Structure formats: structure tokens, C-alpha cells
Amino acid sequence: MDPEMIKNLGSSLKVPSVQELAKQSITKIPERYVRPNQDPPVVSNTTPLPQVPVIDLNKLWSQDATELERLDYACKEWGFFQLINHGVNPSLVECMKKDAQEFFNLPTEEKKAFWQKPGEMEGFGQMFVVSEEHKLEWADLFYIITLPPYMRHPNLFPSIPQPFRDNLEKYALEIKKLCVTIIEFMTKALKIQPNELLELFEELGQAIRVNYYPPCPQPDKVIGLSPHSDGGALTILLQVNEKEGLEIRKDGMWIPIKPLPNAFIINVGDMLEILTNGIYRSIEHRATVNSEKHRISVAAFHSTRLTAVIGPAQSLISPESPAMFNSITAEDFYKGYFSRQLQGKSFIDDMRIQNGS
């Protein structure tokens, strides 16, 4: 597949670096970052807030039926879970954390080599910025397509400094294996034929996004990442410094996720909600910031191959459970997803059959 085609999936306008802005010790944030009327997170001093389920991959491997039920429940009711005993090499994970931190610590002049080019999404900057009036997020990011290898940006990936480039290569492959493993267990929980979903991921797409959320003098007036659901099938998130900031919308409330040590945060994306005919749900989430400390995370987004047709799995459709979504190629899906602002679940909602789309 021509890498030029990847460029046509979407682009984002160039924006200033928030990290550099935060270094200026400002006390009042620029108007373009101000987000009025945001929902506050849930704060409770009396009753503990519910927390996303924790799934133990070792128990799934040992065919623990209760753990498989817990995975099924997490995907149906939460769309999020923390995964422990995930089997990814701990030293590789620590290298990724170190490399991500050092990458954002590069001098501004060196970072310019990685800045987003006009008409592209990959590189340093922000995503989903569609106009000069667009409100900006209090964050910088580095976004790069990692798999399959032939879809990589011909200039961007080779220019990543060592050892980050080699570690990113190894990490991408390890996380890909973990993604396929999780989907295998999901097919067991859904009681469908394994290949019905897995064959769509034989040459899966993967993109990695490293997020940097600097401290902000007015954290209640900005957003680190706008409320949205992920477009892909499965996201695997590594919290670099285990600082709280990720929140999910549950029962109409914003609930913070307390990151566990040595765990990944996994979430269902829009593609998987469509493939499971709405049984597993992609959930809105957002990132908040604070006034004291930066937060860094590494998100690995996984999707079907671009030529796949995304639609409800046939074995999950019946007269009692008709198809809830229209079918669409993965390429057209991403063109639509990346062409608009990041806004809740607006794109997947447009694909629901009852909406007449």
C-alpha cells in the first residue's frame, strides 16, 4: 500500500508548543486555550469513587473462567480496564518511559526536525486542529504510524534518535502481540469464531502517540485532551510517570483513573464497538492537567488493516439483535474520523443505522 495514501487520511494545522509556553512562567493562559463550562471531575470525600476493573492476563492464560467473565463485563460496562501481569518485557517498558521523557526534553531546535508538515498528521504538534479559530489543548504530542512497517513515514521514523528508535521498534511489536492476545480472549468471551475478528487484524495498523501535558497556572480553564472516544479498535496506554489526569465518563460523571504500577490501561475503540455490534462499548474519556507537575503517556492505537470492511460480526447479528451499524472500509472510516474535530462519540453515532445514516 502506498504510504502517500496514508497522508490522505487526515491532517492537522500547525500550532505553537505548549511545553515552550509553559516554560515562560505565565500566570494567565492565552485565550485560544480557555475552555469555559467544562464538566468538573467527581470529587468525593465520603464515598470512594468506582474504579475501572483490573484484569490479570496470567489468569486468562490459565483459562480462569471467572477472569474471562470479568473481561467481558469490563468491555460491556466500562469500555476500560487496567491490565496486570501483561507479559511485556519490564526493561523495555522502562526504556520507553525514559525515551519518551528525554524526547520531550530535546532542545527546541532539535524538535523542529519532527514538527508536523502541512497536510500531515504525523510528528510533533496537536491533532484534529481544523481551523485557526479552533480551541487548543494544553498538551504537545508526537504521533507516528509504526505498523505495518511499509506505512511508516519515510523521513520521520528513520530520524528518531537512538536508542529511542530501536526501543520504539521493539515496543511496537510487543504491544501488537499483546493487542492480538487481548482480542483473542475477547472472542472467547463473546463466544464467536476466533477468526471472525482476528482475520481483520492479520496485518493490523498501529500508531503511537506520546502525550506531554505541562503544568498549567489555570488548570481548571483548560483541557489536556478533549472528551472523545478512540477511533481504532483497541488502545493500550502506558502511563510514563503514573500521574493522574485520565478521566472516563461513567454514568454521566467524569471519574479519574488511578494508574496502577506496572499496568497498562486498555480501552475499547469505535471500531471494536462496531465489530461487536455494540456489545463492547467505546467510552468517552479526556485528560485534565494540574498546576504542579507534567504528565506523560504513551498511547498505542490498533486498528484493522486499511482494506478491511468494518461492520458488525455476522455471528453477532440475529433477528433478536439486528445490525446496529452500517459497514464501511477502514480507510473511509479513518478519513471521516480524522476530518472533524475531536468531539465525544459524534463519528460513531453517525454510523448507527437507527440514525438513518
Side-chain angles (χ1 to χ4, degrees), residues 7 10-35 94-146 152-169 171-172 207-219 221-226 238-241 243 245 287-300 342:
K7 286 187 183 179
S11 64
S12 187
L13 298 182
K14 190 173 179 179
V15 299
S17 165
V18 183
Q19 186 180 7
E20 296 307 311
L21 179 63
K23 287 178 184 175
Q24 298 172 18
S25 301
I26 59 173
T27 55
K28 189 171 186 292
I29 59 169
E31 186 60 32
R32 200 172 174 195
Y33 297 92
V34 175
R35 303 288 188 107
E94 289 307 309
C95 284
M96 276 299 294
K97 289 181 177 182
K98 182 171 175 282
D99 291 341
Q101 179 75 66
E102 290 179 353
F103 199 52
F104 278 101
N105 286 343
L106 287 173
T108 305
E109 281 303 308
E110 289 186 41
K111 281 183 191 166
K112 284 181 179 175
F114 304 101
W115 213 260
Q116 288 168 331
K117 302 288 191 297
E120 296 184 6
M121 290 183 297
E122 293 184 79
F124 262 123
Q126 291 191 17
M127 296 179 71
F128 304 98
V129 181
V130 297
S131 75
E132 296 295 342
E133 294 74 42
H134 191 109
K135 287 285 188 180
L136 299 180
E137 296 168 335
W138 194 263
D140 288 338
L141 63 84
F142 179 68
Y143 178 80
I144 189 164
I145 292 171
T146 42
R152 290 174 182 168
H153 194 292
N155 303 320
L156 196 59
F157 199 96
S159 64
I160 295 173
Q162 296 288 22
F164 188 19
R165 192 191 331 151
D166 283 349
N167 289 331
L168 185 61
E169 180 92 60
Y171 184 79
I208 287 181
R209 171 174 159 160
V210 189
N211 305 294
Y212 184 95
Y213 304 99
C216 179
Q218 297 174 293
K221 293 184 181 293
V222 304
I223 194 75
L225 183 59
S226 301
L238 170 65
Q239 300 269 71
V240 170
N241 54 346
K243 179 76 179 169
T288 59
V289 299
N290 66 86
S291 59
E292 294 91 34
K293 186 170 172 55
H294 70 267
R295 175 174 165 258
I296 302 177
S297 63
V298 181
L342 206 57

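Everything quoted here is computed from the prediction, not taken from an experiment. Index from 1, following the sequence.
- When every heavy atom of Asn290 is checked against every heavy atom of Glu292, the shortest pair comes out as OD1-N, 2.8 Å.
- Phe103 pairs by the ring pair (Phe, Tyr, Trp, His ring centres under 6.0 Å) definition with Phe114, Phe124, Phe142, Phe164, not counting sequence neighbours.
- A pairwise comparison of heavy atoms in Glu122 and Ile145 identifies OE1-N, 2.8 Å as the closest pair.
- Using a 4.5 Å heavy-atom cutoff, the side chains of Gln239 and Lys97 are not in contact.
- Shown here for Met96 and Val298, the closest heavy-atom pair between the two residues is CE-CG1, 4.1 Å.
- A salt bridge is defined here as a Lys NZ or Arg NE, NH1 or NH2 lying under 4.0 Å from an Asp or Glu carboxylate O, and Glu102 with Lys98 meets this definition.
- Within the 4.5 Å cutoff, the side chain of Ile223 has no heavy atoms near those of the Tyr33 side chain.
- Residue-environment remark: NZ (Lys23) exceeds the threshold of 12 foreign heavy atoms within 6.0 Å.
- Going from atom CG of Asn241 over to atom CD1 of Ile296 covers 6.0 Å, rounded to the nearest 0.5 Å.
- Between Trp115 and Ser17, some side-chain heavy-atom pair lies under the 4.5 Å cut-off.
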Between Ile208 and Tyr171, is the side-chain contact (heavy atoms from CB on, under 4.5 Å) condition met? List the steps. CA-CA 10 Å; Ile208 287 181; Tyr171 184 79; 4.1 Å; yes
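- Residues passing the side chain to side chain contact (heavy atoms under 4.5 Å, CB included) test with Gln162, sequence neighbours excluded: Arg165, Asp166.
- Contact check for Phe157 versus Leu168: side-chain heavy atoms found under the 4.5 Å cut-off.
- Between Thr146 and Ala172, the closest heavy-atom pair is CB-CB, 4.1 Å.
- When all heavy atoms are compared, the tightest approach of Gly123 to Leu156 is N-CD2, 3.6 Å.
- Considering every non-hydrogen atom in both Pro154 and Pro158, the closest pair reads O-CG, 3.2 Å.
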What side-chain donor-acceptor pairs closer than 3.5 Å can you find for residues 211-219, not counting sequence neighbours?
| from | atom 1 | to | atom 2 | distance (Å) |
| --- | --- | --- | --- | --- |
| Asn211 | OD1 | Arg209 | NE | 2.7 |
| Asn211 | ND2 | Ser297 | OG | 3.1 |
| Gln218 | OE1 | Ile29 | N | 2.9 |

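- Using a 4.5 Å cut-off on side-chain heavy atoms (C-beta onward), Gln19 and Lys111 make contact.
- Contact of the Pro161 side chain with the Asp99 side chain is not registered, since no non-hydrogen atoms from C-beta on lie closer than 4.5 Å.
- Residue Arg32 holds its CZ atom at 11.5 Å from CD of Glu137, rounded to the nearest 0.5 Å.
- Side chains of Leu141 and Val210 form no contact here, defined as non-hydrogen atoms less than 4.5 Å apart.
- A distance of 8.5 Å separates NE2 of His153 from CD1 of Ile144, quoted to the nearest 0.5 Å.
- The CE atom of Met121 sits 9.0 Å away from the CD atom of Gln116 when rounded to the nearest 0.5 Å.
- At a threshold of 4.5 Å between non-hydrogen side-chain atoms, the residues His294 and Val289 do not count as touching.
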Go through Glu31 and Lys135 one step at a time and tell me if the salt bridge (charged side-chain N to carboxylate O under 4.0 Å, His left out) criterion holds. CA-CA 9 Å; Glu31 186 60 32; Lys135 287 285 188 180; 3.7 Å; yes
Verdict with supporting geometry, Val34 and Val222, side-chain contact (heavy atoms from CB on, under 4.5 Å): CA-CA 5 Å; Val34 175; Val222 304; 5.9 Å; no
